[in-house]
Amino acid sequence: SLPSANLINASKDIGFVTIMPSADNVCRKSSPFAAVWDNKILPSMPLCAAWEISGRPRIKYANNQLILGNLVIPVEKNGEFWLWWYAVGKNKSFTFPAYSAYELLRSAIISENKREPSLPPSLFKDKIIFVGSSATALFDVKATPVSQAVPGVEVQATMLANILYEDAVKRIPSFLWMPLLMIVCVLFSIYCRLLHHPIWNSILAFTIIIAVFLAGFILLAFRHQFLDLVPFMGAPLLSYAAATALNYFHQRSETKIIRGIFEHYLDKSIVRELIADPAKLKLGGERRNCTVLFSDVADFTQKSEQLAPEQIVKIMNIYLNEMTEIIVREGGFVDKFVGDEIVA
């Protein structure tokens, strides 16, 4: 509702002090045009004050900018702008100088009695004064990105300071950072695809995330430009996950093909070596110095005629098993068994 008629008549301008927090009830933005009254868009109190201080210039809106004389405020499509929050001084509870109403009234009474007040009038000379409450019970305490309990009057003062000092945070539009994000994701995916090394891929992914976080911090701290960090931090992780999954299924497919081709023809140690390094799988093989062993049982034919088949099977199982263990233990592999003969 509007103030009383007496207050309106005594005021130079009337502005709304409505603060619309985000969905999580945190104040991050300011709406220069805070309310609609009688089908008219009404300005916020900070905008009214800035307009009055600037000499009541014509207010323009163009290219996502609110132009107030020589002041330029970057705004979103809905007309809001992101607030830049100032640091709280040491041993202070407020960003801006704050004085209690009791002390102010007490100083006024002391001044009338010709005594030195605790708050001299010079403190308020040529200053912009905000009058408001800081008591929690009055329900005018707001949550901000820098504090969970900021008096609403201080939020209003921050809005005005952002306008006058042109400190409002500018959000970097998506059409500027989206191509860069796509290039980073494509290059990172290619890197992960070519380098089948989970540890190095993980290190690179987290390096990219840390670099983006630092870049966002520097842009915000020194340039008052806000970069959406979630896409930049999430995209490398998704690219890493996709590349890792692709590498896994590709390697699994290669392993299955190699096993299917060679498992029944080569020793398991050779198959494992080919799986570990598929580059070794090439036509023509490779030239290498090797030792070939042909071993058989002396007089096997003559002795086997003297034994029952069951005995021959038992003896050959023991013999071939022991010989195979020795060959494998020495780093060789069995090529084939030909009756009692071992080719290794």
Side-chain angles (χ1 to χ4, degrees), residues 183-210 233-344:
I183 292 172
V184 170
C185 289
V186 169
L187 292 178
F188 180 64
S189 299
I190 293 173
Y191 174 85
C192 291
R193 182 70 184 87
L194 296 177
L195 184 64
H196 301 269
H197 202 296
I199 295 178
W200 283 111
N201 292 348
S202 302
I203 292 174
L204 181 60
F206 284 104
T207 301
I208 292 174
I209 291 173
I210 293 172
M233 297 176 74
L237 290 178
L238 292 176
S239 299
Y240 169 72
T244 301
L246 189 62
N247 287 341
Y248 170 76
F249 287 113
H250 178 73
Q251 188 173 6
R252 186 176 180 183
S253 176
E254 276 191 346
T255 301
K256 189 175 181 181
I257 292 172
I258 293 173
R259 284 188 184 279
I261 295 174
F262 297 104
E263 194 171 32
H264 301 293
Y265 305 100
L266 296 177
D267 185 76
K268 290 182 179 180
S269 62
I270 302 298
V271 175
R272 283 196 298 268
E273 188 175 344
L274 292 175
I275 291 173
D277 188 6
K280 292 182 178 180
L281 188 63
K282 58 183 179 180
L283 292 176
E286 65 179 17
R287 183 178 294 273
R288 181 185 294 183
N289 292 325
C290 300
T291 299
V292 181
L293 170 69
F294 298 90
S295 172
D296 60 3
V297 178
D299 300 326
F300 176 73
T301 303
Q302 181 180 355
K303 292 179 179 178
S304 62
E305 293 175 351
Q306 302 172 3
L307 300 173
E310 293 80 5
Q311 290 178 306
I312 296 174
V313 170
K314 183 177 181 180
I315 292 171
M316 292 308 300
N317 280 341
I318 295 172
Y319 167 72
L320 294 176
N321 183 64
E322 292 295 328
M323 289 292 290
T324 300
E325 287 186 359
I326 295 171
I327 293 168
V328 172
R329 187 169 63 245
E330 296 299 324
F333 65 92
V334 175
D335 178 50
K336 65 174 75 69
F337 297 114
V338 185
D340 65 318
E341 181 186 3
I342 300 174
V343 182

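Note: hydrogens, waters and symmetry copies are ignored here, and every other heavy atom, side chains too, is used.
For the side-chain contact (heavy atoms from CB on, under 4.5 Å) test, residues two or more places apart in sequence or in another chain that qualify with Ile203 are Ile199, Trp200, Thr207. Partners of Leu204 under the side-chain contact (heavy atoms from CB on, under 4.5 Å) rule, at least two apart in sequence or in another chain, are Phe188, Tyr191, Ile208. For Val338, the side-chain contact (heavy atoms from CB on, under 4.5 Å) partners at least two apart in sequence or on another chain are Lys336, Glu341.
Under a cut-off of 6.0 angstrom, the local environment of CZ in Phe206 is sparse, with at most 12 non-hydrogen atoms contributed by other residues, nucleotides or ligands.
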Enumerate donor-acceptor pairs with a distance under 3.5 Å from any side-chain N or O in residues 299-318 to protein atoms, sequence neighbours excluded.
| residue | atom | partner | partner atom | Å |
| --- | --- | --- | --- | --- |
| Ser304 | OG | Phe300 | O | 3.0 |
| Ser304 | OG | Thr301 | O | 2.8 |
| Gln311 | OE1 | Ala308 | N | 3.1 |
| Asn317 | ND2 | Val313 | O | 3.3 |

Distance-only check: which donor-acceptor pairs under 3.5 Å involve side-chain atoms of residues 323-330, not counting sequence neighbours?
| residue | atom | partner | partner atom | Å |
| --- | --- | --- | --- | --- |
| Thr324 | OG1 | Leu320 | O | 2.7 |

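Across every non-hydrogen atom of Tyr319 and Val297, the tightest pair is CE2-CG2, 3.7 Å.
Phe294 CZ to Ile342 CD1: the interatomic distance, rounded to the nearest 0.5 Å, is 12.5 Å.
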